[in-house]
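Just the heavy atoms: all of them, side chains too, but no hydrogens, waters or symmetry mates, feed the values below. In what follows, every chain begins at residue 1, and chains take the letters A, B, ... in the order their sequences are listed.
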Amino acid sequence: MTAPTKPVPTSPPSGSAPGAPRTPGVPHAAEAIAESLHIPVIAWFEAHARDLPWRRPEAGAWGVMVSEFMLQQTPVSRVLPVYEQWMDRWPRPADLAKEPSGEAVRAWGRLGYPRRALRLHGAAVAITERHGGDVPTGHAQLLALPGIGEYTAAAVASFAYGQRHAVLDTNVRRVFARIVGGNRYPPNATTAAERKVARALLPADESTAARWAAGSMELGALVCTAKNEDCGRCPVSNQCAWRLAGKPEHQGPPRRGQTYAGTDRQVRGKLLAVLREAVAPVPQAVLDRVWEEPVQRARALDGLVSDGLAEPLADGTYRLPLT
DNA sequence: CAGTCGTGGAC
DNA sequence: TGTCCAAGACT
């Protein structure tokens, strides 16, 4: 266990002394909920957090950032080996920035969504050019990098730099939906109401906020999971609105499932797999073998080219981009 | 804002 | 061989 071990503050992060009566008419409900959640969740985190390489001090901000890119929509178990190889090969942003983007795509392997590799490479170039080779510390600076959205900017600022940000990923959204909202699942898309809840629950103290962010996310990943949740191991099950309501089934619109077989995504994946394995430019005829239907096949290949994942050469062959 | 974008493991 | 899901970003 290598989670940060700073003590949890024993006094409320803001406001009056413990046990002091609330001022009538002033809404303190959110604060009260928050304070009763922070200590048990953070204590649980410090006892049960996984020992992941990007949580070790030597990972640095670059390691945190690389892991966040790889973890976007991808399970930890599949990220681990690729992360280790990646950090061995490119221990600093400038090391990656020197390489052609195609090398990043190749090293990405079968993690999926290979545009993330392209964006991570682009972010490394931007960091090298604009930030002297160091991952920027500001949320706005992070947000300006390719491949970094609201979640990843907050995650890097919080996990790498200990800042106070609401870190709203799918795990945290589910945890909050259950504890606060009394729902099995959050809405399909992140709502303003969810952001408001996340901000209201954020500890006032910076260091506590950072551990709360990591802890609430880990709770969603290990205990408060989408299926087969284990309320018996949850440190705040006694305060969970969903559990207290008898764990009602999901009400709203069905969570739209991802179809895959037969889609352009599948064809793109097959095409790019060939390009990744190839050491020399690949003739069109070889690519043609990955998919029967010519119209969809051509559309998929065009898509890869326009995304910058494949480079067409004058002789009709294709390769990963050298730029 | 709804669609698009990979991959593989669990059931 | 099907469904659901996994630390989202971008258009």
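- Contact annotation: side chain of A/Thr170 to base of C/dG8, donor-acceptor pair absent below 3.5 Å.
- Within residues 101-115 of chain A, no residue has a heavy atom under 4.0 Å from DNA chain C.
- Using cut-offs of 30° and 60° on the angle between ring planes, the pair A/Tyr83 and A/Trp54 is perpendicular.
- Summarising the geometry, the separation between CZ on A/Arg50 and C1' on C/dA7 is reported as 9 Å, rounded to the nearest angstrom.
- Residue contacts shown for A/Phe69 are absent, as no nucleic acid heavy atom lies under 4.0 Å away.
- Proximity of A/Thr152 to the phosphate of C/dA9: a side-chain N or O atom is located under 4.0 Å from OP1 or OP2.
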| task | Begin with the C-alpha distance, continue with both residues' side-chain angles, and end with the deciding distance and a verdict on side-chain contact (heavy atoms from CB on, under 4.5 Å) for A/Glu229 and A/Arg174. | result | CA-CA 11 Å; A/Glu229 69 282 351; A/Arg174 184 175 56 250; over 6 Å; no
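- Nucleotides of DNA chain C nearest to A/Ala261 and A/Pro75 differ in position, and the one nearer the 5' end is that of A/Ala261.
- A/Asp307 has its CG atom 13 Å from the C1' atom of C/dA9, to the nearest Å.
- Residue A/Glu218 contributes atom CD, which lies 14 Å from atom P of C/dA6 at whole-angstrom precision.
- Across the P atoms, B/dC5 and C/dA7 are found 22 Å apart, a figure rounded to whole Å.
- Across all strands, A/Tyr185 comes closer than 4.0 Å only to sugar-phosphate atoms, never to a base (heavy-atom distances).
- Expressed to the nearest 0.5 Å, how far CH2 of A/Trp90 lies from CD of A/Gln85 amounts to 9.5 Å.
- Between A/Gln73 and C/dG8 there is a side-chain N or O to OP1 or OP2 distance below 4.0 Å.
- A/Arg119 has no side-chain polar atom (N or O) that falls below the 4.0 Å cut-off from OP1 or OP2 of B/dC5.
- Residue A/Leu304 contributes atom CG, which lies 13 Å from atom C1' of B/dT4 at whole-angstrom precision.
- The side chain of A/Glu68 has C/dA7 as its nearest neighbour among B/dG6, C/dA7, C/dG8.
- Around atom CD of A/Glu292, no more than 12 heavy atoms belonging to other residues, nucleotides or ligands sit under 6.0 Å away.
- Judged by distance alone with a 3.5 Å cut-off, no donor-acceptor contact links the side chain of A/Arg78 to the base of B/dG8.
- Distance CG (A/Leu145) to C1' (C/dG8): 15 Å, rounded to an integer number of Å.
- Close to C/dG8, at under 4.0 Å from its OP1 or OP2, lies no side-chain N or O of A/Arg116.
- Among the heavy atoms of the strands lying under 4.0 Å from A/Arg174 are primed sugar atoms or P, OP1, OP2 only; no base atom is included.
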| request: Evaluate the side-chain hydrogen bond (donor to acceptor under 3.5 Å, both in side chains) criterion for residues A/Tyr151 and A/Gln72: first the C-alpha distance (whole Å), next the side-chain angles of each, then the deciding distance (0.1 Å), finally the verdict. | output: CA-CA 10 Å; A/Tyr151 160 74; A/Gln72 290 167 5; over 6 Å; no
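- Taking atom CE of A/Met70 as the reference point, atom P of C/dA7 lies 17 Å away to the nearest angstrom.
- Residues A/Thr263 and A/Ala189 both approach DNA chain B. Their nearest nucleotides, taken by heavy-atom distance, put A/Ala189 toward the 5′ side.
- Open room surrounds NZ on A/Lys196; 12 or fewer heavy atoms of other groups in view lie less than 6.0 Å from it.
- The separation between A/Leu168 atom CG and C/dA9 atom P is 11 Å, rounded to whole Å.
- The residue A/Ser67 sits apart from the nucleic acid: no heavy atom pair falls under 4.0 Å.
- Among the atoms of the strands shown, only primed sugar atoms or phosphate atoms (P, OP1, OP2) are found under 4.0 Å from some heavy atom of A/Ala226.
- Of all the heavy atoms in A/Ala213 and A/Ser216, the pair that sits closest is O-OG, 3.3 Å.
- Just one of A/Leu313, A/Leu271, A/Leu287 meets the side chain to side chain contact (heavy atoms under 4.5 Å, CB included) condition when paired with A/Val282; it is A/Leu287.
- If you take CG on A/Asn183 and CD on A/Gln251, they are separated by 8.0 Å, rounding to the nearest 0.5 Å.
- Residue-level contact check: A/Arg299 touches neither bases nor backbone, having no heavy atom under 4.0 Å from any strand.
- Nearest-nucleotide positions on DNA chain C place A/Thr74 closer to the 5' end than the other of A/Thr74 and A/Leu143.
- B/dC5 atom C1' lies 10 Å from atom OH of A/Tyr260, rounded to whole Å.
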